[in-house]
Structure formats: C-alpha cells, structure tokens
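As structure tokens, the structure follows; a few thoughts come after it.
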Amino acid sequence: MASNASSALLKWAQAASRGFAAGAAGGPGRKVAVLGAAGGIGQPLSMLMKMNAQVSELSLYDIAGTPGVAADVGHINTKAQAKGYDKEGLAEALRGCDLVIIPAGVPRKPGMTRDDLFKINAGIVRDLVEAVGKHCPGAVLNIISNPVNSTVPIAAEQLKKMGVYDKRKIMGVTTLDVVRAKTFYAEKNGLDVASVDVPVVGGHAGVTILPLFSQATPKVSMPADVLDALTKRTQDGGTEVVQAKAGKGSATLSMAYAAALFADSCLRGLNGTPVVECTYVESTITDAPYFASKVKLSTEGVDKVHDLGTLTDYEKDGLKAMMPELLASIEKGVQFVKGA
C-alpha cells in the first residue's frame, strides 16, 4: 500500500498541473541549481526539483545548512543526484548549470515594506548573479528573490557590467500571481481549476500585478465589483498569507510550487518543447523596460515576448496606474548596480 502511495505521489510530481514534464523524458538531463536552498522557499523547491524527471543533477547552495537539505532530498527515489554546497562551494555548485533558480534572501514579514526587502536582498542577488556570470554565464536564470521588479534589473545590470548579458536568459518568476489568479477565478465561478487559465501581466508587487480576467479561459462574465475584488485579492495574495501566518512566515509553499512549475517550463523549452508562460523579462511592449507578459520559452530561453492583446477599460486603467511604481522600482534596481 505504501509503495502504491509513493508511486502515486511521484506520478503526481511528474505530472503536476501540466506535466512537471515527464513528457520531456526524451531530452537530456539538466543540471539545476537552487541558490538559497536551505530557506523557506528553497527547501520545498529543492524537493520539487528533485522530483522533476528532466533534472539529472541538483545543485543546492546556501550559506549554511545545505548539506543537510541535500542529504534529505537525496533520499527521494528519483534519478536526480542532489549535492549540497555552503559558503565556499558556490563556484562548484554553479559550474555546468543549465538553469539557476534564486530564492535567496529574506522573506517579507508583517510590517515590512518592499524597500526594507530591497535593502537586504539587492546585494544578495547582485553577488549571486555575479557568480553565475563567472561560472555558468549561459544558464537560464529564474529570479524569485523579492522585490522582483527591482532584482531582475539588478541581475541584468550586473551581467551587462561583466559583458555576459543575454536578455533571453533572465526571467523574474511571476507564476505565483498566475497560480493565485487561476485559483481565485475558479473558486468564484465554480470552475474546475485544472481547466482554467488567466494571464497576469505587469510586475510582481501590489498594484503592478494585473490579472487579465477578460482573457481568462473558460470565459465567464463577472460584475464589476466581483472583478475588482478578484483583482485586488490577486494583488494582495502575499499579504494575505503573511497575515494568516501571523509573523511565522510568508508564502513559501505556494511560491515553491509556482517556481517549480515555471522551472519545469523553462526546462521543457531548453529540451525543445516550446512553452508559453507569463514571466517578468526585458520587454518593449510597454513603456517599462521590464514587464511581465506571456512569453514563449524555447531552447535559448525567451524566444518571443507576446503583446498584451485586447484590454478592457478596467485593465487599461490598471496598466496606467501601475506604471509610476513599476518604473521607479526598475530604476532603483538599475541605479543600485550602476552606483556601486
């Protein structure tokens, strides 16, 4: 019975939501690094990546505690070989990586602003990305560390400084916004969440998060007050979890799940199966130099950035309202590296 349960769990992990890409089994096994693997997001994310059929080598890095995490997930009966590295092992952890996922840094706590997060996480992200630029400059980068609206520009500027920037390879993970929008939309309208899709565009913080419920499938017409409530709940999803955990954590589990889904799509793209996901990348589709929208992922990372499609007046207003904050956050990240 126990073995049936473990087999069912493994099948779920390989087929979660849309595949965890067991279907890409024909592609080469990939080396994936998780930087910040001993943290609240890093540990469950490391477990989920260990369960991904496309990963042959899982490289776990943090400033402390990582050998224990690697030993723990290493007992999971999947093909990926897990190795843990601490402070002195960053270079070795990164060499030969195809995909680097960065959840490192501090999570948001009650009362913390995104400025508070920036002061701590900006330097962490810059230093880790510098190591990526030295030891695996061709790797696809998935950046989770908040505030993503600023940390993605920080990563880009750091790699530009080193002469190894490739805009196709740097992505801010906004999948949790999509996961929340799908969940809330399905619950509100009595839909099977597995059949729901909702694009989410803009950035990855508060008002910069804009779910496009007008483009959701299946299509359901909602009154203006319901639409507004769903939009605001999606924007405030992180705060909802922080408050519910009452100072004992943030959205670590749902973030790890969303990050694993997005990493899986990146790996499928690298292995020759193009996938479309929403992600925060260098973009020219709006006035913002970085913007989240639907993106085609392929063998070199970002293959195509899709435009926004037709927006309702409500969504146009939301797009206009987010721009000052989004542009300021981007500029803050750029100046952090340029002024260093």
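Judged by distance alone, the side chain of S59 and the main-chain N or O of A93 form a donor-acceptor pair under 3.5 Å. Between the E282 side chain and the Y290 main chain, no donor and acceptor come within less than 3.5 Å of each other. Checked by atom type and distance alone, the side chain of E315 pairs as donor or acceptor with a backbone atom of T312 at under 3.5 Å. A distance-only check finds no donor-acceptor pair linking the side chain of N121 to the backbone of A104 [under 3.5 Å]. No donor-acceptor pair closer than 3.5 Å links the side chain of N189 to the backbone N or O of L191. Formation of a donor-acceptor pair under 3.5 Å by the K83 side chain with backbone atoms of A70 is not found in this model. A distance-only check finds no donor-acceptor pair linking the side chain of D86 to the backbone of A64 [under 3.5 Å]. A side-chain donor-acceptor contact under 3.5 Å links Q215 to the backbone of L308. In this structure a side-chain-to-backbone donor-acceptor pair under 3.5 Å is present from Q235 to I209. Between the side chain of Y185 and the backbone N or O of V220 there is at least one donor-acceptor pair closer than 3.5 Å.
For the atom pair CD of E300 and CG of D303, the computed distance is 9.0 Å after rounding to the nearest 0.5 Å. Rounded to the nearest 0.5 angstrom, D307 CG and K294 NZ are separated by 10.5 Å. Note: C278 SG to F291 CZ = 10.0 Å, rounded to the nearest 0.5 Å. With values rounded to the nearest 0.5 angstrom, Y61 atom OH is found 8.0 Å from L35 atom CG. For the atom pair R95 CZ and H135 NE2, the distance stands at 6.0 Å (nearest 0.5 Å). Separation of atoms OG1 (T234) and CD (E240) is listed at 9.5 Å; rounding is to 0.5 Å.
Between H204 and the options L326, T279, D177, V173, a side chain to side chain contact (heavy atoms under 4.5 Å, CB included) holds for only D177. Between C266 and the options V302, I101, L297, a side chain to side chain contact (heavy atoms under 4.5 Å, CB included) holds for only L297.
Residues G96 and K31 approach most closely at O-CB, 3.7 Å, considering heavy atoms. Heavy atoms only, all atoms of each residue included: P218 and V196 are closest at CD-CG2, 3.9 Å. Contact record, G172 with V148: CA-CG1, 3.9 Å, taken as the closest heavy-atom pair. The minimum heavy-atom distance between L327 and P289, with the atom names listed, is CD2-CD, 3.9 Å. Across every non-hydrogen atom of A251 and R180, the tightest pair is CB-NH2, 3.3 Å. The two residues K169 and A139 make their nearest non-hydrogen contact at CB-O, 3.6 Å.
The neighbour count for K332 NZ, taken as heavy atoms of other residues, nucleotides or ligands under 6.0 Å away, is above 12. Residue K160 qualifies as enclosed at atom NZ: its count of foreign heavy atoms under 6.0 Å is above 12. Within 6.0 Å of CD1 on I120 lie more than 12 heavy atoms contributed by other residues, nucleotides or ligands. Atom NZ of K245 sits in a crowded spot, with more than 12 heavy atoms from other residues, nucleotides or ligands closer than 6.0 Å. Heavy-atom neighbours of D287 CG from other residues, nucleotides or ligands within 6.0 Å: at or below the threshold of 12.
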Applying side chain to side chain contact (heavy atoms under 4.5 Å, CB included) to I41 and T252, what does each step give before you reach the verdict? CA-CA 5 Å; I41 296 169; T252 50; 4.0 Å; yes

As a quick check of understanding, evaluate side chain to side chain donor-acceptor pair (under 3.5 Å) for N52 and R30, giving each step before the final call. CA-CA 10 Å; N52 189 299; R30 298 290 183 170; over 6 Å; no

Using the ring pair (Phe, Tyr, Trp, His ring centres under 6.0 Å) rule, take F118 and F336 through it: C-alpha gap first, then chi angles, then the decisive distance, then the call. CA-CA 10 Å; F118 182 92; F336 177 79; 5.6 Å; yes

Where do S254 and V179 land on the side chain to side chain contact (heavy atoms under 4.5 Å, CB included) test, with the steps shown first? CA-CA 8 Å; S254 52; V179 164; 5.7 Å; no

Does the side chain to side chain contact (heavy atoms under 4.5 Å, CB included) test come out yes or no for D197 and K182, once each step is laid out? CA-CA 6 Å; D197 188 35; K182 288 179 179 182; 3.4 Å; yes

Walk me through it: do L117 and V106 pass the test side chain to side chain contact (heavy atoms under 4.5 Å, CB included)? CA-CA 7 Å; L117 278 179; V106 298; 3.8 Å; yes

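You'll find the side chain of V132 stays beyond 4.5 Å of the side chain of P137, heavy atoms only. Side-chain contact check for K161 versus E130: every heavy-atom pair is 4.5 Å or farther apart. Counting heavy atoms from C-beta outward, Q54 and D264 have side chains that approach closer than 4.5 Å. With contacts defined as side-chain heavy-atom distances shorter than 4.5 Å, the pair L253/Y257 does not qualify. At a threshold of 4.5 Å between non-hydrogen side-chain atoms, the residues D62 and V69 do not count as touching. Residues I102 and L141 form a side-chain contact, since some pair of their non-hydrogen atoms from C-beta on lies under 4.5 Å apart. Between V200 and T174, the closest side-chain pair of non-hydrogen atoms is not below 4.5 Å. L267 places a side-chain heavy atom less than 4.5 Å from the side chain of V32.
Cluster membership check: M47 shares its hydrophobic cluster with I144, using side-chain heavy-atom separations under 4.5 Å among Ile, Leu, Val, Met, Phe, Trp and Tyr. In the hydrophobic clustering of this structure, V295 groups with I330; members are Ile, Leu, Val, Met, Phe, Trp, Tyr whose side-chain heavy atoms approach within less than 4.5 Å, directly or through other members. No continuous path of ILVMFWY side-chain contacts below 4.5 Å connects M255 to V198, so the two sit in separate hydrophobic clusters. A chain of hydrophobic side-chain contacts below 4.5 Å, direct or via other Ile, Leu, Val, Met, Phe, Trp or Tyr residues, connects M323 to V152. With hydrophobic clusters built from ILVMFWY side chains whose heavy atoms lie under 4.5 angstrom apart, V337 shares a cluster with V334.
Listed by first and then second residue, the side-chain hydrogen bond (donor to acceptor under 3.5 Å, both in side chains) pairs that reach into residues 141-152 are N149-T208, sequence neighbours excluded. A salt bridge (Lys or Arg N to Asp or Glu O under 4.0 Å) check over residues 208-232, counting only residues at least two apart or in different chains, returns the pairs D228-K232.
Qualifying side-chain hydrogen bond (donor to acceptor under 3.5 Å, both in side chains) partners for K50, counting only residues two or more places apart in sequence or in other chains: T78.
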